[in-house]
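Numbers here are sequence positions counted from 1. Just so we're clear, the structure is a prediction, and the values are computed from it rather than from any experiment.
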Amino acid sequence: MGTPTDAEIRDLLGTDPTRAWRAFVDRYTPSLLALIERAGIRDYDEAMELYLMTCERLAADNCARLRRHDPAKGPIGAWLGAVVRNVIVDWVRSRAGRRRLFHAVTALPPRAQHVFELYYWQDRTPSEIAEILTMREAQPVGLGEVFEAMDAVDGVLNDRHRRELLAMAVRARTPVSLEMELESGLDVAAPAPDPEHVLGARERTAALDRALASLPPEDAAIVRLKYVQGLTRTDIERALHIEHLPEARVKSIVGRLRALLGPQAAVRESAR
């Protein structure tokens, strides 16, 4: 017997789920492994862990998910991309508590280490980071201080660190499911944010937008690309077609920005 077709697998699911599962594994194991590798998983043990997690979900309850697949919405192979993405998201979240700071980052002051975790691991914006630090440290922490901490982190990251962070960010993106009803419940719901924290972050973002509007467009773009999008100075030079962007210029821009944000921050803190 040759490689089973999708139709043959569906027929077997109705009469003999065990044989259907074996036929599915025979046909789609290479596709599953390729999808996992395409997501940036290069380590063999990690890839196998994800492969087994995916198989466990698909085989559960006599292949319930496979049996619910609607061929009218596309072939099984295309649908598997969404399944694998959901598994990877859950896997990344389950590993979050086991992450370890890069050795270079552990040498930085505690605030910079916390900023690293918030920015790179939790995907927080600078405004959110400032709000979290203000509550954590029980004293006002402005965006300028967040930028300083981000600069300290940026200064110790090498190319290997950046590749690992990029791979983790890609893996952790919210999955786009081809069949949301089949994948519902796979993602772990994020805890509801504190309303005061959300409001504070929004106010800081609005203040940052107003301050950036007062800067020359290129300077404002540099700040957004570096501190909001997380680009390196080399990337910014390429994006904005700047021949050379010295660190001194970035610090000068941030200094002017802090002066603009200062009075606004003071008003906000006094209103609390």
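In terms of heavy atoms, Val146 sits closest to Leu133 at CG2-CD1, 4.3 Å. Of all non-hydrogen atoms in Ser214 and Leu260, the two that sit nearest each other are CB-CD1, 3.9 Å. The two residues Ile9 and Ala20 make their nearest non-hydrogen contact at O-CB, 3.9 Å. In terms of heavy atoms, Ala104 sits closest to His161 at CB-CE1, 4.1 Å. Across all their heavy atoms, Leu261 and Ala211 have their closest contact at CD2-CB, 3.9 Å. Closest non-hydrogen pair, Asp6 versus Arg27, comes out as OD1-NE, 3.3 Å.
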* Asked: Between Leu157 and Val105, does a side-chain contact (heavy atoms from CB on, under 4.5 Å) hold up when you go through it step by step?
  -> CA-CA 8 Å; Leu157 296 180; Val105 175; 4.1 Å; yes
* Before giving the answer on side-chain contact (heavy atoms from CB on, under 4.5 Å), spell out for Trp79 and Leu66 the whole-Å C-alpha distance, their side-chain angles and the decisive distance to 0.1 Å. => CA-CA 10 Å; Trp79 170 73; Leu66 277 176; 3.7 Å; yes
* To do: Any chance you could lay out the side-chain contact (heavy atoms from CB on, under 4.5 Å) test for Glu117 and His114, step after step, and finish with the verdict?
  => CA-CA 5 Å; Glu117 295 172 3; His114 196 206; 3.9 Å; yes
* side-chain contact (heavy atoms from CB on, under 4.5 Å) between Leu33 and Met48, intermediate numbers included -> CA-CA 8 Å; Leu33 293 174; Met48 288 301 100; 3.3 Å; yes
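When atom types are taken as modelled, the side chain of Arg124 and the backbone of Leu118 share no donor-acceptor pair closer than 3.5 angstrom. Looking only at distances, no side-chain donor or acceptor of Thr134 sits under 3.5 Å from a matching main-chain atom of Pro140. Side-chain atoms of Ser252 do not come within 3.5 Å of backbone N or O of Ala248 as any donor-acceptor pair. With hydrogens and angles disregarded, no donor-acceptor distance shorter than 3.5 Å links the side chain of Tyr119 to the backbone of Ile129.
Residues passing the side chain to side chain donor-acceptor pair (under 3.5 Å) test with Thr232 are Asp235, sequence neighbours excluded. Partners of Glu37 under the side chain to side chain donor-acceptor pair (under 3.5 Å) rule, at least two apart in sequence or in another chain, do not exist in this structure. Listed by chain and number, the residues in a salt bridge (Lys or Arg N to Asp or Glu O under 4.0 Å) with Glu237 amount to none (sequence neighbours excluded). For the ring pair (Phe, Tyr, Trp, His ring centres under 6.0 Å) test, residues two or more places apart in sequence or in another chain that qualify with Phe147 are Tyr227. The ring pair (Phe, Tyr, Trp, His ring centres under 6.0 Å) test applied to Phe24 returns Trp21, Tyr28, not counting sequence neighbours. By the side chain to side chain contact (heavy atoms under 4.5 Å, CB included) test, Pro216 pairs with Asp219, Arg256, sequence neighbours left out. Looking at residues two or more places apart in sequence or on another chain, you find a salt bridge (Lys or Arg N to Asp or Glu O under 4.0 Å) between Arg224 and Asp209. Residues satisfying the side chain to side chain donor-acceptor pair (under 3.5 Å) test with Gln113, not counting sequence neighbours, are none. In this structure, Thr54 has no side chain to side chain donor-acceptor pair (under 3.5 Å) partners at least two apart in sequence or on a different chain. With sequence neighbours left out, Asp11 forms a salt bridge (Lys or Arg N to Asp or Glu O under 4.0 Å) with no residue at all. Qualifying salt bridge (Lys or Arg N to Asp or Glu O under 4.0 Å) partners for Arg111, counting only residues two or more places apart in sequence or in other chains: Glu137, Glu145. Residues passing the ring pair (Phe, Tyr, Trp, His ring centres under 6.0 Å) test with Tyr51, sequence neighbours excluded: none.
Remark: Leu231 CG to Leu240 CG distance equals 9.0 Å, nearest 0.5 Å. Considering CZ of Arg238 and CZ of Arg233, their distance stands at 13.5 Å, rounded to 0.5 Å. To the nearest 0.5 angstrom, Glu131 atom CD is 12.0 Å from Arg202 atom CZ. Note: Met150 CE to Lys226 NZ = 7.5 Å, rounded to the nearest 0.5 Å. Separation of atoms CD (Glu203) and OG (Ser127) is listed at 10.5 Å; rounding is to 0.5 Å. Distance check: Met53 CE to Trp91 CH2 gives 9.0 Å after rounding to the nearest 0.5 Å.
Counting heavy atoms from C-beta on, the side chains of Arg65 and Val83 never come closer than 4.5 Å. Looking only at side-chain heavy atoms (C-beta outward), Glu247 and Asp151 come within less than 4.5 Å of each other. Contact of the Val84 side chain with the Arg38 side chain is not registered, since no non-hydrogen atoms from C-beta on lie closer than 4.5 Å. Using a 4.5 Å cut-off on side-chain heavy atoms (C-beta onward), Asp154 and Arg162 make contact.
Note on Ile222: it does not cluster hydrophobically with Val228, by side-chain heavy-atom contacts below 4.5 Å among ILVMFWY residues.
The pair Arg67-Asp61 fails the salt-bridge criterion, with no side-chain N (NZ, NE, NH1 or NH2) lying under 4.0 Å from an Asp/Glu carboxylate O.
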